[in-house]
K.L.:
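One structure is given below, represented as structure tokens, and several questions about it will come after.
Position 1 is the first residue of the sequence, and the numbers go up from there.
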Amino acid sequence: MVLITKESNTKNRVKLMKSYMEVFLFHLSSLFDNDELSENISDRTIVELLRLADSHFITERDTDFYATRLGLSNKRVNEIFVKGTGKTIKQYLHERLVLEMKKEIRLGTRSLKEIAFDLGFSEPAYFTRFFKLQTGMTPSEFKEK
């Protein structure tokens with residue numbers, strides 16, 4: 001570590017710095033069991049996916065968006081997410097969207113049409129169809145309960 005610091009202060013020998021860094025990272029990775037390291041990476045990926053999903057669930061409902069943001073394939077993203085949560089990304093996004101729908105309906109400050117448009121639905125009919133498919137009741141029936 002001292003050599004890395006010394007070289008970084010002189011700003012010389014970039015190749016040497018890279019070599020030191022590779023050796024350091026190799027040494028660091030050897031301290032962890034491969035399964036433990038893989039598990040840590042999966043945990044971090046799940047946390048990052050949840051953060052992304054909670055930030056973008058209204059505008060981005062396709063797994064491709066999340067896979068691209070993390071530099072992974074759709075299949076790998078879903079494998080990691082299912083392992084950590086028991087759900088696919090799409091299932092999580094749908095559940096998150098339904099929670100937001102229910103919250104807005106319960107608040108009762110806006111019409112169903114306004115809620116539909118604010119949550120990214122191009123037509124109120126799509127909003128109603130999606131809500132019924134996910135919950136087994138229409139937004140109006142939910143509002144009455």
Side-chain angles (χ1 to χ4, degrees), residues 1 4-5 7-11 14-145:
M1 193 65 174
I4 294 172
T5 306
E7 288 296 328
S8 70
N9 289 337
T10 63
K11 296 185 179 53
V14 173
K15 286 184 181 181
L16 186 59
M17 281 286 299
K18 285 181 182 178
S19 296
Y20 286 147
M21 189 56 86
E22 285 174 7
V23 170
F24 175 72
L25 292 173
F26 178 77
H27 177 70
L28 186 62
S29 70
S30 69
L31 296 175
F32 295 98
D33 179 278
N34 280 339
D35 290 339
E36 184 179 322
L37 185 60
S38 176
E39 208 171 282
N40 288 339
I41 290 169
S42 292
D43 290 346
R44 284 192 305 247
T45 303
I46 291 166
V47 168
E48 182 63 16
L49 281 167
L50 289 169
R51 188 189 65 72
L52 281 170
D54 285 337
S55 299
H56 300 284
F57 73 96
I58 293 173
T59 57
E60 301 294 341
R61 298 184 190 143
D62 194 27
T63 307
D64 286 338
F65 170 81
Y66 301 96
T68 300
R69 290 290 293 262
L70 295 174
L72 300 170
S73 70
N74 287 355
K75 182 179 179 183
R76 185 67 183 134
V77 165
N78 274 317
E79 285 173 355
I80 292 170
F81 205 75
V82 167
K83 184 178 177 187
T85 66
K87 301 171 189 160
T88 65
I89 292 288
K90 186 137 330 243
Q91 288 169 330
Y92 178 79
L93 292 170
H94 286 178
E95 287 179 8
R96 181 67 179 89
L97 190 57
V98 168
L99 281 174
E100 192 67 21
M101 293 169 150
K102 286 179 175 181
K103 180 188 90 175
E104 291 295 330
I105 292 168
R106 279 193 184 123
L107 286 174
T109 57
R110 297 183 298 157
S111 71
L112 292 177
K113 185 177 180 179
E114 289 173 316
I115 296 169
F117 288 129
D118 287 349
L119 292 180
F121 290 89
S122 59
E123 294 290 328
Y126 297 144
F127 172 84
T128 300
R129 189 178 320 146
F130 179 82
F131 191 87
K132 184 166 184 167
L133 183 66
Q134 298 296 316
T135 65
M137 64 181 96
T138 66
S140 299
E141 291 169 342
F142 177 77
K143 191 175 186 175
E144 290 173 11
K145 289 185 176 190

K.L.:
Holding to ring pair (Phe, Tyr, Trp, His ring centres under 6.0 Å), I want the full list of residues that pass it with Phe65, two or more places apart in sequence or in another chain.
P.N.:
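Phe65: ring pair (Phe, Tyr, Trp, His ring centres under 6.0 Å) contacts with His56.
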K.L.:
Listing request: all salt bridge (Lys or Arg N to Asp or Glu O under 4.0 Å) pairs with a residue in residues 49-59, at least two apart in sequence or in separate chains.
P.N.:
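Sorted result for residues 49-59: Glu48-Arg51, Asp54-Arg96.
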K.L.:
Measure the spacing between CG of Leu119 and CD of Glu104 and express it to the nearest 0.5 Å.
P.N.:
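Leu119 atom CG to Glu104 atom CD measures 6.5 Å (nearest 0.5 Å).
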K.L.:
Once rounded to the nearest 0.5 Å, what's the spacing between atom CG of Leu70 and atom CG of Leu49?
P.N.:
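Answer for the CG-CG pair, Leu70 versus Leu49, is 5.0 Å.
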K.L.:
Are the side chains of Glu141 and Lys145 in contact, using a 4.5 Å heavy-atom criterion?
P.N.:
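Of all side-chain heavy-atom pairs linking Glu141 with Lys145, none is under 4.5 Å.
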K.L.:
Once rounded to the nearest 0.5 Å, what's the spacing between atom CD1 of Ile89 and atom CG of Asp62?
P.N.:
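Reported value, rounded in 0.5 Å steps: 11.0 Å.
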K.L.:
Gly84 and Ile46: which non-hydrogen atoms are nearest, and at how many Å?
P.N.:
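Between these two residues, the closest heavy atoms are CA-CD1, 3.3 Å.
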K.L.:
Please report the closest heavy-atom contact between Asn78 and Thr63, naming both atoms and the distance.
P.N.:
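For Asn78 and Thr63, the tightest heavy-atom pair comes out as ND2-CG2, 3.8 Å.
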K.L.:
Got a second to check how far Leu112's CG is from Met101's CE, nearest 0.5 Å?
P.N.:
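It comes to 10.0 Å.
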K.L.:
Just verifying a value: how many Å separate Ile80 CD1 and Thr85 OG1, rounded to the nearest 0.5 Å?
P.N.:
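Result: 11.5 Å between the selected atoms.
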K.L.:
With sequence neighbours left out, what residues match Thr68 under side-chain contact (heavy atoms from CB on, under 4.5 Å)?
P.N.:
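Residues passing side-chain contact (heavy atoms from CB on, under 4.5 Å) with Thr68: none at all.
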K.L.:
With Lys103, which residues qualify under side chain to side chain donor-acceptor pair (under 3.5 Å), at least two apart?
P.N.:
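Glu100.
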K.L.:
Distance-only criterion, 3.5 Å: show the donor-acceptor pairs between side-chain atoms of residues 120-135 and protein atoms not counting sequence neighbours.
P.N.:
residue : atom : partner : partner atom : Å
Thr128  : OG1  : Pro124  : O            : 3.2
Thr135  : OG1  : Phe131  : O            : 2.7
Thr135  : OG1  : Met137  : N            : 3.3
Thr135  : OG1  : Met137  : O            : 3.0

K.L.:
So, taking the atom named CG in Leu97 and the one named CZ in Phe57, what distance separates them when rounded to the nearest 0.5 Å?
P.N.:
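Answer rounded to 0.5 Å: 6.5 Å.
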K.L.:
Which pairs, with at least one residue in residues 66-86 and sequence neighbours excluded, count as a ring-ring contact (aromatic ring centres under 6.0 Å, His included)?
P.N.:
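For residues 66-86: Phe81-Tyr92.
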K.L.:
Between the main-chain N or O of Asn74 and the side-chain N or O of Asp64, is there a donor-acceptor pair closer than 3.5 Å?
P.N.:
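Not at all, since once roles are kept as given, no pair shorter than 3.5 Å links the two residues.
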K.L.:
For Val77 versus Ala67, what's the shortest heavy-atom pair and its separation?
P.N.:
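Where Val77 meets Ala67 most closely, the heavy atoms are CG2-CA, 3.6 Å.
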